[in-house]
Enquirer: 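Got a structure here, written out as structure tokens. Questions coming.
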Amino acid sequence: MIPGKILVTGGCGYIGGHTIVDLVNNGFEVISVDDLSRGSLRMLAGVEQILGKEIKNYKVDLTNLDDTQAIFIENPDIVGVVHFAAFKSVNESVQEPLKYYRNNINSLVNILQCAKDYAVPNIVFSSSCSVYGNAKSLPVDESSPLAIAESPYAYTKQIGEVICQDFVKQNPGFNISLLRYFNPVGAHPSVLIGELQEKPENLVPVITQTAIGKRAEMTVFGNDYDTRDGSCVRDYIHVMDIANAHTKALQYLIANKNQQACEVFNLGSGNGVTVLELIQSFESVSGRKLNYTMGDRRAGDVIAVYADNSKACKLLGWNIQYALAQMMDTAWRWELKLQIDEQMQLN
Ligand code: WQD
């Protein structure tokens, strides 16, 4: 029995696209809404190639309530929403805070308004480990105290969680899972989809672009932190594991297994890895020596954060499939695929 139609917002983005693959592979019917301001139709084409079926995308700005409502009116059989659509650059959010507050908060408010008006009871919200800031003790679990947000981006995730919690208090019968991602990396094993960023700021795409020669070199932002090798510690998690956690969360909500109306889950591997350790893993997997230099710390970086993921594993039945080497392997093979595609376009 098909478990029902799911609306994925931001479905043409990195995590959204990978999640559509996992949802469809688990029997869900999926439609996407993405205004393509950050997402791309190339992602959607890759998703359709993997699935061998068409996925409808509504090119709609979710900050426009009328246009958002029209999607729900046209699709009265939507049983759940996975809400990814948001701007996510920490740096950019510092430069343009109003753009981030308007987009990330107004789109969430409109999605919740539509869920209420069109009786869609199951919602999964894309949150972030950035809500923890520089945690006093590690690993962080869902009851760890939240920090003062280090950026407007992180603050929109904290405010988003509060909006979801207030929404379920006033609207019994609605159930929300708040999923706090750690550092999603890698690509679908087919490398038909992956992270598409021209000028990435995140570590793994910077590494693969440096290794393939798109960038001359990369900088490790700080090696004087109080960590085992002086570089920052993060919890890297394969994007397909993140995707499957969304499927598990929807199945959990649709089956009414949730213990509270609004629950938080950490989506991390549970392993803290330093920047230098990740570079070593990449070099051994790719066989490429990376051209990097040690540089100054980056403003806003937390020193170390990694997850206690036992709640998601236990309650959602989430089983992590990909190890660090596979994250590096798929990220590298995706970069190689991009290079081949670019060369074919030139010929
Ligand atoms: C990781 C480490 C950098 C680039 C990300 C997302 C954020 C949130 C959490 C989802 C840091 C170092 C990086 C470089 C480097 N995810 N680095 N040289 O900052 O943990 O945040 O995950 O919501 O949205 O941005 O990830 O990949 O930028 O940095 O040394 O050229 O790599 O200092 O220690 P971050 P990142």
Side-chain angles (χ1 to χ4, degrees), residues 10 13-16 18-19 38 83-94 100 104 125-135 140 147 149-158 160-161 178-186 195 197 199-211 214-239 241-243 245-246 265-269 272-282 290-307 324 327-328 331:
Y14 174 46
I15 304 177
H18 286 81
T19 299
R38 300 295 160 91
H83 182 48
F84 291 107
F87 296 155
K88 70 141 207 148
S89 166
V90 171
N91 245 351
E92 184 188 36
S93 76
V94 172
Y100 270 66
N104 290 9
F125 174 66
S126 163
S127 188
S128 164
C129 68
S130 48
V131 302
Y132 295 115
N134 265 311
V140 287
E150 303 263 348
S151 67
Y153 159 77
Y155 198 37
T156 65
K157 291 303 180 185
Q158 284 186 354
E161 291 193 4
L178 307 176
L179 305 184
R180 291 176 180 163
Y181 310 154
F182 283 70
N183 288 56
V185 297
E195 200 164 2
Q197 289 186 61
K199 295 237 173 298
E201 295 170 355
N202 292 129
L203 178 62
V204 172
V206 165
I207 285 176
T208 57
Q209 287 194 357
T210 303
K214 268 189 185 168
R215 303 165 73 112
E217 63 162 9
M218 67 159 284
T219 305
V220 172
F221 296 138
N223 65 338
D224 58 351
Y225 287 103
D226 181 18
T227 64
R228 50 184 176 268
D229 62 17
S231 63
C232 291
V233 176
R234 292 290 184 277
D235 181 328
Y236 298 95
I237 177 85
H238 196 282
V239 64
D241 281 323
I242 291 275
H246 289 75
F265 294 97
N266 280 345
L267 298 188
S269 67
V273 172
T274 72
V275 173
L276 292 172
E277 287 166 349
L278 188 132
I279 289 174
Q280 280 152 18
S281 171
F282 174 80
L290 199 66
N291 181 19
Y292 67 91
T293 55
M294 304 311 291
D296 295 336
R297 297 179 175 192
R298 181 174 69 176
D301 271 340
V302 300
I303 299 165
V305 65
Y306 59 94
L324 186 66
M327 297 178 215
M328 296 301 100

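Whatever order the structure lists them in is the order used to number ligands and atoms, beginning at 1. All figures in this text were calculated on a predicted structure; none of them were measured in a lab.
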Enquirer: Is any NZ, NE, NH1 or NH2 atom of the basic residue among R298 and E201 found under 4.0 Å from an Asp or Glu carboxylate oxygen of the other?
Expert: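 No, R298 and E201 are not salt-bridged.
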Enquirer: Tell me which protein heavy atom sits closest to atom 15 (C) of ligand 1, plus the residue, atom name and distance to 0.1 Å.
Expert: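 Answer for atom 15 (C) of ligand 1: F221 CD1, 3.4 Å.
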Enquirer: Polar contacts were defined as any N/O atom of the residue lying under 3.5 Å from an N/O atom of the ligand; does this apply to L203 and ligand 1?
Expert: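 Among all N and O atoms of L203, at least one is under 3.5 Å from an N or O of ligand 1.
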Enquirer: So which of R234, M218, E217, M294 gets nearest to atom 20 (O) of ligand 1, if we judge by its closest heavy atom?
Expert: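 Selected option, by shortest heavy-atom distance: R234.
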Enquirer: With atoms numbered from 1 as shown, which atoms in ligand 1 lie under 4.0 angstrom from a non-hydrogen atom of D301?
Expert: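 Answer for ligand 1: 3 (C), 19 (O), 33 (O).
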Enquirer: Counting from 1, what ligand 1 atoms have a heavy atom of Y236 closer than 4.0 Å?
Expert: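 Answer, ordered by atom number: 1 (C), 2 (C).
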Enquirer: Compute whether any side-chain donor of one residue and acceptor of the other, for N266 and Y132, lie under 3.5 angstrom apart.
Expert: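 On atom types as modelled, these side chains qualify, holding a pair under 3.5 Å.
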Enquirer: For V220, counting its heavy atoms only, list the atoms of ligand 1 lying under 4.0 Å from any of them.
Expert: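 Those atoms are 30 (O).
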Enquirer: Nearest protein heavy atom to atom 8 (C) of ligand 1, by residue and atom, and its distance?
Expert: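 Heavy-atom neighbour on the protein nearest atom 8 (C) of ligand 1: S128 OG, 3.8 Å.
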Enquirer: Parallel, tilted or perpendicular: which describes the rings of Y181 and F84, with under 30° parallel and over 60° perpendicular?
Expert: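 Answer is tilted, since the angle falls between 30° and 60°.
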Enquirer: Identify, for atom 34 (O) of ligand 1, the protein heavy atom at the shortest distance, and state residue, atom and that distance.
Expert: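 Its nearest protein heavy-atom neighbour is C232 CB, 3.0 Å.
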Enquirer: Can you tell me the protein heavy atom closest to atom 16 (N) of ligand 1 and the distance?
Expert: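 Of the protein heavy atoms, F182 O, 3.6 Å lies nearest.
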Enquirer: Can you tell me which residue and heavy atom of the protein come closest to atom 12 (C) of ligand 1, and the distance to 0.1 Å?
Expert: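 Its nearest protein heavy-atom neighbour is V275 CG2, 3.9 Å.
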Enquirer: On a heavy-atom basis, I'd like to know which of K157, R298, R180 is closest to atom 19 (O) of ligand 1.
Expert: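 Selected option, by shortest heavy-atom distance: R298.
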Enquirer: Considering non-hydrogen atoms of the protein only, which is the closest contact for atom 25 (O) of ligand 1, and what is the distance?
Expert: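 Of the protein heavy atoms, N202 ND2, 3.1 Å lies nearest.
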Enquirer: Tell me whether the NZ or CZ atom of R234 lies within the 45° cone about the ring axis of F182 and under 6.0 Å from its centre.
Expert: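 Judged by the rule, R234 and F182 form no cation-pi pair.
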Enquirer: Find out whether V275 and L203 are in side-chain contact, i.e. whether some heavy atom of one side chain is under 4.5 Å from a heavy atom of the other.
Expert: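 Contact flag for V275/L203 side chains = yes.
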Enquirer: Just to confirm my output: which protein heavy-atom neighbour is closest to atom 21 (O) of ligand 1, and how far is it?
Expert: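 Scanning the protein heavy atoms, the shortest distance from atom 21 (O) of ligand 1 goes to N183 ND2, 4.1 Å.
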Enquirer: Just which atoms of ligand 1 are under 4.0 Å from any heavy atom in Y153?
Expert: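 So the answer, numbered in order with elements, is 10 (C), 23 (O), 24 (O).
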Enquirer: I'd like to check whether T219 has a polar contact with ligand 1, where a contact means an N/O of the residue lying under 3.5 Å from an N/O of the ligand.
Expert: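 Indeed, backbone or side chain, T219 has an N or O that close.
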